[in-house]
Amino acid sequence: MEWSACLDEYEKLVIRMTTPRVVIDNAVCPKATVVKVDSARKHGILLEAVQVLTDLNLSIKKAYISSDGRWFMDVFHVTDLKGNKITDKSVINYIEQSLVTIHYGRTTGSNGLTALELTGTDRVGLLSEVFAVLADLQCNVVDAKVWTHNGRIASLLFVKDCNSGSPIEDTQQIDRIEARLRNVLKGDNDIRSAKTMVSMAVTHTERRLHQMMFADRDYERKPILQPSGDSPAVTVQNWVERDYSVVNVQCKDRTKLLFDVLCTLTDMEYTVFHATIKTSGDRAYQEFYIRHADGTPISSEPERQRVIQCLQAAVERRASEGVRLELCTLDRQGLLADVTRTFRENGLNVTRAEVSTTRDMALNVFYVTDAIGNAADPKLIESVRQKIGLSSLKVKELPPLDYHQEAEKEDQTAGLAGTVLLSLGSLVKWNLYHLGLIRSYS
């Protein structure tokens with residue numbers, strides 16, 4: 001009995017030590033809500049924390065990450081997409097509760113839906129063919145996300161049976177779905193790399209899309225079109241004295257940028273020990289001090305080049321190429337097949353898509369270009385809108401990052417000259433400040 005009591009006390013001690021401590025403060029910074037997380041270090045836990053924030057569409061203006069031994073200390077300066085602080089108490093409580101549980105890992109169920117994973121070579125009209133096959137097989141697409149990059153496509157579709165409204169569990173029906181979709185993905189020239197998979201549960205959707213494209217090695221393939229000149233700048237250098245590899249990423253700022261970069265670093269089995277994230281105007285500056293799981297830095301030139309390629313791909317996958325079209329209408333069987341067929345028949349190519357269903361309403365977003373990836377003719381867009389319904393299909397712009405217009409003067413860093421954003425001196429000063437050994441950090 002005494003031994004059992006000791007075990008109970010030990011388990012309680014372990015829980016207390018491993019449970020993250022979360023503080024959300026709206027007083028310390030005039031322009032952002034500060035979220036502080038102290039937690040035991042664990043592979044992937046930084047990504048889990050950032051995922052909590054980005055899933056709420058919060059913008060991370062700044063972040064400081066540092067680890068001391070087996071303990072992590074993360075500080076995030078966040079706003080909503082309009083640049084406002086987070087004041088809603090229910091949102092603050094949700095953030096606190098979610099961050100407290102990240103040490104135990106989080107999974108996203110399929111909510112009674114069947115998940116279809118598709119990867120293959122992208123082509124004009126492919127999405128139309130996929131949705132047509134699913135409509136023919138009596139599959140209703142309830143939720144979906146589709147990414148394209150470097151001529152490849154990855155999509156995660158959540159479907160249910162049109163007649164019963166239940167997930168599709170019949171093995172023969174699943175085999176038919178996989179076979180038909182695989183034939184569509186193969187086309188005439190993608191016999192080997194086209195892949196389909198059916199499951200009843202998945203991890204975080206966007207996390208999984210990164211994993212699918214990484215496994216598909218999209219980063220090794222050449223883009224169909226030449227970059228616009230604003231491609232991400234990635235550098236990797238070794239800090240020999242400290243056994244760190246220092247990774248710098250500089251690119252145009254956007255929502256979920258930090259999440260995308262951390263997904264790839266985590267999937268490549270690197271551990272982030274220290275990091276600093278800053279935004280200035282419409283630019284983002286990210287620096288990471290990383291090692292392998294065994295504590296060693298990047299050890300070869302091919303590995304260094306691979307990290308650069310993979311991080312560039314991570315940033316580019318979510319890049320919003322094309323005109324953003326939003327479809328809001330009553331959901332019905334075959335709706336996606338009809339809409340995407342209209343796109344195809346009018347020479348529009350879908351570069352990214354997000355499909356969702358709320359009760360009986362379909363809320364879908366498509367990014368479209370012309371057939372070769374250039375900007376679509378506005379007259380063509382209007383013609384397509386007339387065919388689908390002017391009141392249902394609307395042209396929308398991305399939410400403006402208003403907070404950039406009031407970026408703090410201290411963030412007006414001068415270009416790429418400072419390739420290493422966080423010098424040893426500033427890193428040490430930041431650690432001393434948070435340990436309470438100095439009064440200010442600037």
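All figures in this text were calculated on a predicted structure; none of them were measured in a lab. Worth knowing before you read on, the calculation uses all heavy atoms, side chains too, and leaves out hydrogens, waters and symmetry mates. When a residue number appears, it is its place in the shown sequence, counting from 1.
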Indicate every side-chain donor-acceptor pair of residues 134-142 with a distance under 3.5 Å to a residue at least two apart or in another chain.
from: Asp136; atom 1: OD2; to: Arg180; atom 2: NH1; distance (Å): 3.3
from: Asp136; atom 1: OD2; to: Arg180; atom 2: NH2; distance (Å): 3.2
from: Gln138; atom 1: OE1; to: Gln333; atom 2: NE2; distance (Å): 3.2

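Using modelled atom types, one finds a donor on one side chain and an acceptor on the other under 3.5 Å when comparing Asp55 with His204.
A heavy-atom distance below 4.5 Å is not found between the side chains of Val247 and Thr235. The shortest distance between side-chain heavy atoms of Leu363 and Thr357 does not fall below 4.5 Å.
The pair Glu303-Arg306 fails the salt-bridge criterion, with no side-chain N (NZ, NE, NH1 or NH2) lying under 4.0 Å from an Asp/Glu carboxylate O. Salt-bridge check for Lys379 with Glu382: failed, with every basic side-chain N at 4.0 Å or more from each acidic carboxylate O. A salt bridge links Arg341 with Asp338: the distance from a Lys NZ or Arg NE/NH1/NH2 to an Asp or Glu carboxylate oxygen falls below 4.0 Å.
For Gln172, the CD atom is loosely surrounded, since the number of other residues' heavy atoms within 6.0 Å does not exceed 12.
The residue from Val307, Val261, Ile308 that alone fulfils the side-chain contact (heavy atoms from CB on, under 4.5 Å) condition with Val234 is Ile308. Residue Tyr289 is tested with Tyr64, Tyr270, Trp239 for a ring pair (Phe, Tyr, Trp, His ring centres under 6.0 Å); the sole match is Trp239. Asp122 pairs in a side-chain contact (heavy atoms from CB on, under 4.5 Å) with only one of the listed residues (Leu185, Asn150, Asn349), which is Asn349.
Taken to the nearest 0.5 Å, the CG atom of Leu157 stands 5.5 Å off from the CG atom of Leu116.
Relative to the six-membered ring of Phe366, Arg352 misses at least one condition, a distance below 6.0 Å or an angle of at most 45° to the axis.
Here Ser90 pairs with Asp88 under the side-chain contact (heavy atoms from CB on, under 4.5 Å) rule; sequence neighbours left out.
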